[in-house]
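This report refers to the structure that appears directly beneath it.
All values derive from a computational prediction rather than experimental measurement.
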Amino acid sequence: MIVFHYTHLKAGISILQDTFLEVPEVLNNNLKPAIWFSKQNKYEPSVLKNNNSFEDQLKTIGCMRFVYDDTKELISWEEYKNMLGLDKMKIENIESNYYENGYMPSDWFCSLNNISLKQLESIEVYTDKWDWAVEDNIQIAIKNARSIS
């Protein structure tokens with residue numbers, strides 16, 4: 001099964017330079033740090049912790065995605081939330097917020113370990129469509145994104 005890790009252009013370029021997807025060091029909402037993926041091949045505003053539309057995202061900070069096809073190495077949302085041992089009320093609060101906004105936590109998977117870019121199926125940048133993240137396409141995406149031009 002193919003899954004997607006979405007990020008903004010600056011972070012995507014940094015990932016390309018580092019040559020791996022890195023588990024963040026900072027805890028978010030006291031949750032265990034992880035690299036998150038979605039089965040959805042369309043952008044979800046929740047992935048960048050904002051509620052901007054995809055079009056707004058492209059016009060401001062752009063978008064890249066990292067495509068992975070090794071879900072046997074990933075942890076599902078169900079496994080992750082059980083592993084955390086959070087109280088049921090906190091989990092329901094997290095999930096209801098996402099469901100209300102049309103997101104499906106059941107489509108989410110994560111890794112608790114860094115992932116080499118060599119393990120990925122592809123790396124893509126959005127210009128006027130998803131395309132290979134080669135230098136020319138990255139430059140087009142940068143030009144389209146006002147805040148990083």
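- The two residues Val125 and Ala141 have their closest heavy-atom pair at CG2-CB, 3.5 Å.
- Phe109 CZ to Ser38 OG: the interatomic distance, rounded to the nearest 0.5 Å, is 9.0 Å.
- When the side chains of ILVMFWY residues are joined at heavy-atom separations under 4.5 Å, either directly or via intervening members, Tyr68 and Trp132 end up in two distinct hydrophobic clusters.
- Proximity of a side-chain donor or acceptor of Tyr126 to a complementary backbone N or O of Asp128 within less than 3.5 Å is detected.
- The structure places CD of Glu95 at 10.5 Å from NZ of Lys88, a figure rounded to the nearest 0.5 Å.
- With sequence neighbours left out, Phe4 forms a ring pair (Phe, Tyr, Trp, His ring centres under 6.0 Å) with no residue at all.
- The heavy-atom pair separating Ser111 from Ile115 by the smallest distance is CB-CD1, 3.8 Å.
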side-chain contact (heavy atoms from CB on, under 4.5 Å) between Lys39 and Met1, worked out = CA-CA 8 Å; Lys39 288 193 307 189; Met1 170 183 29; 2.9 Å; yes
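- Qualifying side-chain hydrogen bond (donor to acceptor under 3.5 Å, both in side chains) partners for Glu92, counting only residues two or more places apart in sequence or in other chains: none.
- Residues Pro24 and Ala34 approach most closely at CD-O, 3.5 Å, considering heavy atoms.
- Here the side chain of Asn114 pairs a donor or acceptor atom with the backbone of Val23 at under 3.5 angstrom.
- Taking each heavy atom of Ile138 and Ala133 in turn, the nearest pair found is CD1-O, 3.7 Å.
- Annotation: the span from Ile15 atom CD1 to Ile35 atom CD1 amounts to 8.0 Å, rounded to 0.5 Å.
- Rounding to the nearest 0.5 Å gives a distance of 9.5 Å between CG of Asn41 and CD of Glu124.
- Between Arg65 and Tyr6, the shortest heavy-atom contact is NH1-OH, 3.4 Å.
- The side chain to side chain contact (heavy atoms under 4.5 Å, CB included) check on Ser14 picks up Asp18, with sequence neighbours excluded.
- Under the side chain to side chain contact (heavy atoms under 4.5 Å, CB included) criterion, Asp131 pairs with Lys129, Asn137, sequence neighbours left out.
- Between Trp77 and Phe37, the distance from one ring center to the other does not fall under 6.0 angstrom.
- A continuous path of Ile, Leu, Val, Met, Phe, Trp and Tyr side chains, each step under 4.5 Å between heavy atoms, connects Ile91 with Ile75, placing both in one hydrophobic cluster.
- Alongside Phe20, the hydrophobic cluster contains no other residue (criterion: ILVMFWY side chains under 4.5 Å).
- Judged by distance alone, with hydrogens and angles left aside, the side-chain atoms of Asn82 form a donor-acceptor pair with the main-chain N or O of Glu78 at under 3.5 Å.
- Checking Ile2, Ile123, Leu120 one by one against Val67, the side chain to side chain contact (heavy atoms under 4.5 Å, CB included) holds for a single residue, Ile2.
- In this pair, His5 and Phe66 present their aromatic rings tilted. The plane angle is within the 30 to 60° band.
- Considering CE of Met83 and SG of Cys110, their distance stands at 6.0 Å, rounded to 0.5 Å.
- For the atom pair Asn144 CG and Ile61 CD1, the distance stands at 14.0 Å (nearest 0.5 Å).
- Scanning all heavy atoms of the two residues, the minimum distance from Ala145 to Leu9 falls at CB-CD1, 4.4 Å.
- In terms of the salt bridge (charged side-chain N to carboxylate O under 4.0 Å, His left out) criterion, Lys118 has no residue partners (sequence neighbours excluded).
- Taking 4.5 Å as the limit, some side-chain heavy atom of Ile142 sits within range of a side-chain heavy atom of Ile13.
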